[in-house]
Amino acid sequence: MTFASVLVLNGPNLNLLGTREPAIYGSETLADVAQRCAQAGERLGLAIDFKQSNAEDRLIDWLHDARTNVDGIVINPAAYTHTSVALADALTAIAKPVIEVHISNAHKREAFRHHSFVSPIAEAVIVGCGTQGYVLALERMATLLKAGDRS
């Protein structure tokens, strides 16, 4: 039984998962991650809408649509994490719970990756757990949405 809907949004270059820097991002493809999220959603009672784009404007359009179509958002903004005020503004405008996910631990990487425009908006930030981070984010989102609690 589904009780809530969650948009799982993926930013630039995540379509290359499985082939791009597997030592950092692992060997799973984005399709593998989508399947993993669908299975977790089924178990948690969440309807998952899984999307990816390399275009910032497309991500923002999906977020605008999400204002009335979803209950929560899990986002891996990828490189836009560190550069996109516009993406952060779109997330703020939604007024729904947001959980930020990163496959690698950005804090162990280059200094420019240490700042996130999304983290101050997010209810939680999951980094360095590989693609398992998506499942952890969905589990937390289910808890937030079931409880109606954002603390």
Side-chain angles (χ1 to χ4, degrees), residues 1-15 17 24-26 28-109 113-151:
M1 173 189 264
T2 299
F3 78 91
S5 61
V6 176
L7 173 62
V8 179
L9 201 55
N10 295 277
N13 300 311
L14 289 168
N15 56 305
L17 276 181
I24 294 173
Y25 299 108
E28 282 186 289
T29 66
L30 194 61
D32 295 332
V33 177
Q35 182 177 14
R36 182 183 268 212
C37 287
Q39 291 168 344
E42 199 170 302
R43 175 175 54 84
L44 296 165
L46 301 173
I48 305 299
D49 184 8
F50 192 95
K51 297 181 179 190
Q52 186 275 333
S53 181
N54 295 317
E56 183 180 34
D57 63 324
R58 179 126 186 175
L59 296 168
I60 290 168
D61 286 342
W62 286 334
L63 288 171
H64 289 179
D65 290 344
R67 293 179 72 197
T68 57
N69 296 332
V70 302
D71 300 301
I73 296 162
V74 170
I75 185 168
N76 182 341
Y80 291 139
T81 303
H82 325 292
T83 63
S84 182
V85 173
L87 195 61
D89 285 348
L91 286 164
T92 300
I94 292 171
K96 308 260 176 139
V98 173
I99 298 179
E100 179 181 2
V101 174
H102 296 283
I103 295 168
S104 70
N105 183 348
H107 305 289
K108 290 178 70 175
R109 298 184 63 196
R113 296 184 193 276
H114 298 178
H115 174 75
S116 170
F117 284 103
V118 175
S119 292
I121 299 154
E123 300 293 328
V125 179
I126 300 170
V127 299
C129 296
T131 58
Q132 181 188 9
Y134 286 86
V135 174
L136 297 172
L138 291 171
E139 289 171 348
R140 179 64 182 149
M141 184 63 73
T143 299
L144 291 172
L145 295 174
K146 282 181 183 171
D149 177 20
R150 293 177 65 178
S151 60

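- Residues that satisfy the side-chain contact (heavy atoms from CB on, under 4.5 Å) test with Asp89, not counting sequence neighbours, are Val85.
- Here Leu145 contributes atom CG and Lys96 contributes atom NZ; the two are 9.5 Å apart, rounded to the nearest 0.5 Å.
- The heavy-atom pair separating Ile60 from Ala90 by the smallest distance is CG2-CB, 4.1 Å.
- The minimum heavy-atom distance linking Ile121 with Ala88 is given by the pair CD1-O, 3.3 Å.
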Could you tabulate the donor-acceptor pairs under 3.5 Å formed by side-chain atoms of residues 39-59, not counting sequence neighbours?
residue	atom	partner	partner atom	Å
Arg43	NH2	Glu139	OE2	2.9
Gln52	NE2	Gly11	O	3.0
Gln52	NE2	Asn15	OD1	3.4
Gln52	NE2	Asn54	OD1	3.0
Ser53	OG	Ala55	N	3.0
Asn54	OD1	Asn13	N	2.8
Glu56	OE2	Ser84	OG	2.3

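- Distance CG/Asp32 to OH/Tyr134: 12.0 Å, rounded to 0.5 Å.
- One N or O on the side chain of Glu100 and one on the backbone of Ser119 form a donor-acceptor pair closer than 3.5 Å.
- Leu138 has its side chain within reach of Val8: a pair of non-hydrogen atoms, C-beta onward, lies under 4.5 Å apart.
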After noting the C-alpha distance and the side-chain angles of Val6 and Asp71, does the key distance pass the side-chain contact (heavy atoms from CB on, under 4.5 Å) rule? CA-CA 6 Å; Val6 176; Asp71 300 301; 5.7 Å; no

Ser5 vs Asn69, side-chain contact (heavy atoms from CB on, under 4.5 Å): CA-CA, chis, key distance, verdict: CA-CA 8 Å; Ser5 61; Asn69 296 332; over 6 Å; no

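- With values rounded to the nearest 0.5 angstrom, Arg140 atom CZ is found 7.0 Å from Ile99 atom CD1.
- Atom CD1 of Ile75 sits about 5.0 Å away from atom CG of Leu91, to the nearest 0.5 Å.
- Here the shortest heavy-atom pairing between Pro12 and Ala79 reads CG-N, 4.2 Å.
- Screening Ile103, Leu136, Val135 against Cys129 for a side chain to side chain contact (heavy atoms under 4.5 Å, CB included) leaves a single residue, Leu136.
- Separating the OG1 atom in Thr131 from the CD atom in Gln35 is a distance of 11.5 Å, to the nearest 0.5 Å.
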Between Val70 and Ile94, does a side-chain contact (heavy atoms from CB on, under 4.5 Å) hold up when you go through it step by step? CA-CA 10 Å; Val70 302; Ile94 292 171; 5.8 Å; no

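- Between the CD atom in Glu123 and the CD1 atom in Ile73 there is a gap of 11.0 Å [rounded to 0.5 Å].
- Considering all non-hydrogen atoms of both residues, Pro77 and His102 come closest at CD-CE1, 3.9 Å.
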